[in-house]
There are 2 protein chains.
Amino acid sequence: MVAMATKIQKSERRPDALSKERIVGAAIEILDTDGEGALTFRALAARLATGSGAIYWHVADKSDLLAAATDAVIARVMAAIDRGAEPREAIRSLALGLFDAIDTHPWVGTQLTGSPWQPAMLLIFEGIGGPLLVLGVPERALFDSWSALVNYILGVAGQNAANARLHGQETDRSAGLASVAEQWAQLDPARYPFLRRMATQFSEHDDREQFLAGLDLILAGIGTVR
Amino acid sequence: MVAMATKIQKSERRPDALSKERIVGAAIEILDTDGEGALTFRALAARLATGSGAIYWHVADKSDLLAAATDAVIARVMAAIDRGAEPREAIRSLALGLFDAIDTHPWVGTQLTGSPWQPAMLLIFEGIGGPLLVLGVPERALFDSWSALVNYILGVAGQNAANARLHGQETDRSAGLASVAEQWAQLDPARYPFLRRMATQFSEHDDREQFLAGLDLILAGIGTVR
DNA sequence: ACCTGAACACCGTTCAAGT
DNA sequence: ACCTGAACACCGTTCAAGT
């Protein structure tokens, strides 16, 4: 049978019609503004001035919605990455881009893990591995090096998300750090020699700097493979 | 006022009385057997042959319950760690102990992050930092080295938990790996040179080995600091 | 002091009914 | 084709009432 010209349905719809993009956009707003707990189908329907069931016409279920929202944010990050930089710098740039994205959208960190089929994830994977090729990492160390970087970068992403989930944005971070540091300072020095010594540094540390320092240690480790 | 001798209430209770320990034990069984989604106060009450409200007498809320369950598992892991080994080996032993514990109790990985006040977490922190002192890592690199290891170890823990949450234990892992690898093998080699090359290795990789390889890369990186 | 279980205020998801 | 919103089967948590 000869293919018939199919009418483009989308363009006929009224401009405020529901679409997966509009739903995902509204979901991102809710997630960013009020946190993961605030994203309910009822809240989403209210914001979109529709019924909760209408959303299911465009979205399979809540995990589909979260995956789509994550994909949208990650795609934006990846588009902004500094291509063609020195390989180590390219990896740092990608890693920091992800770190900052998760800092502003903590819920992304929760989602980011364990869906290696999402297109955004492919971009991340290649964005970490590609520079390793350029760097001339020996064949036998390629996979281990890539895997270490991916595990580290996505792992820290998840941690930050969990931290953000734990204490909402209102909590005074430096006060929290100070109280932990004080607890460390009072530990038995015979049993906790390390934490005692690190108390001050812990109270002054910056998560982003530590993230980058760890990344550089892994890159240094990769550099030792000859 | 002079302290009065207080009767020890606990010993008078009937042996099957509810206690936080019994509740936590039952919760761990449910979590291990049926997963995070199956731990509800109703299911827990049914297993303990009591009312759901009774649990609240011993446990503040669900997050308290999860924290206590996590603490119990971690404490067991830490007790089994090989103390007094060569420092690098001590770190590996601790890391693998955590990895394996999360492999059998995936829900622990979800919890493990972001509660640096839990006693079990202190043991982990010191267990990673202590060997760095023995290793003679220079003062200025101590905190970065510790932070990188902690971020990596807990990060991968969280990832594994997310993976386990994603596809329940019934999913055939090697089939999943193979299908991802096949997808990679068909990517455009101009845009995805790395993933194309890694497809085979990805399909054959072992998470535990990759975890250890990454840890060794970080330790190698720490070794470059003089 | 500790336990019971109904009740409350939520969820995600479905589905008959509308346009 | 798309939308509506009530209904269903759950949750965590509370609380009056029991022992």
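In the text below, chain A, chain B and the rest are named by the order of the sequence lines, each starting its count at 1.
- Within the structure, side-chain hydrogen bond (donor to acceptor under 3.5 Å, both in side chains) pairs that include any residue of residues 70-81 of chain B comprise B:Asp71-B:Gln118 (at least two apart or interchain).
- Remark: B:Lys20 engages B:Asp64 in a salt bridge (charged side-chain N to carboxylate O under 4.0 Å, His left out) (not counting sequence neighbours).
- With sequence neighbours left out, the salt bridge (charged side-chain N to carboxylate O under 4.0 Å, His left out) criterion links A:Asp100 to A:Arg208.
- Put simply, CZ on A:Phe41 is 15 Å from P on D:dC3, counting in whole angstrom units.
- Closest contact between the side chain of A:Trp57 and the listed nucleotides D:dC2, D:dT14, C:dC3 involves D:dC2.
- Residue pairs meeting the ring pair (Phe, Tyr, Trp, His ring centres under 6.0 Å) criterion with at least one partner in residues 31-56 of chain A, sequence neighbours excluded, are A:Phe41-A:Tyr56.
- Distance CG/B:Leu132 to CG/B:Leu149: 6.0 Å, rounded to 0.5 Å.
- B:Leu39 comes within 4.0 angstrom of sugar-phosphate atoms only, judged by non-hydrogen atoms across all strands, and of no base.
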Below 3.5 Å is the cut-off: list the nitrogen or oxygen pairs between protein and nucleotides 5-10 of chain C, distance only.
| from | atom 1 | to | atom 2 | distance (Å) |
| --- | --- | --- | --- | --- |
| C:dG5 | O6 | B:Gly53 | N | 3.3 |

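- Heavy-atom distances under 4.0 Å link DNA chain D to B:Asp61, B:Lys62 of residues 59-73 of chain B, given in residue order.
- When the salt bridge (charged side-chain N to carboxylate O under 4.0 Å, His left out) test is applied to A:Glu36, the partners found at least two apart in sequence or on another chain are A:Arg165.
- One finds the CD atom of A:Glu182 at 13.5 Å from the CZ atom of A:Phe202 (value rounded to the nearest 0.5 Å).
- Partners of B:Ser203 according to the side-chain contact (heavy atoms from CB on, under 4.5 Å) rule, which considers only residues two or more places apart in sequence or in another chain, are B:Ala181.
- A close approach under 4.0 Å does occur between a side-chain nitrogen or oxygen of B:His58 and OP1 or OP2 of C:dC3.
- Rounding to the nearest 0.5 angstrom, the gap separating the CZ atom in A:Arg47 from the CD atom in A:Glu29 is 5.0 Å.
- With hydrogens and angles ignored, the 3.5 Å screen pairs a side-chain donor or acceptor of A:Thr104 with a backbone N or O of A:Ala101.
- Consecutive Watson-Crick or G-U pairs involving DNA chain C, each under 3.5 Å on both distances, make up stems of three or more pairs at C:4-8 with D:12-16, C:12-16 with D:4-8.
- Each of B:Asp207, B:Leu212, B:Ile153 was evaluated against B:Phe99; a single residue qualifies, B:Asp207, per the side-chain contact (heavy atoms from CB on, under 4.5 Å) test.
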Distance-only check: which donor-acceptor pairs under 3.5 Å involve side-chain atoms of residues 191-198 of chain A, not counting sequence neighbours?
| from | atom 1 | to | atom 2 | distance (Å) |
| --- | --- | --- | --- | --- |
| A:Arg196 | NH1 | A:Ala185 | O | 3.3 |
| A:Arg196 | NH1 | A:Leu187 | O | 3.1 |
| A:Arg197 | NH2 | B:Glu139 | OE1 | 2.5 |

Taking only N/O atoms, report every protein-nucleotides 17-19 of chain D pair under 3.5 Å with atom names and distance.
none

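- Every residue meeting the side chain to side chain donor-acceptor pair (under 3.5 Å) condition with A:Trp107, not counting sequence neighbours, appears here in chain and number order: A:Asp32.
- Atom CD1 of A:Ile55 is separated from atom C1' of D:dC2 by 13 Å (rounded to the nearest Å).
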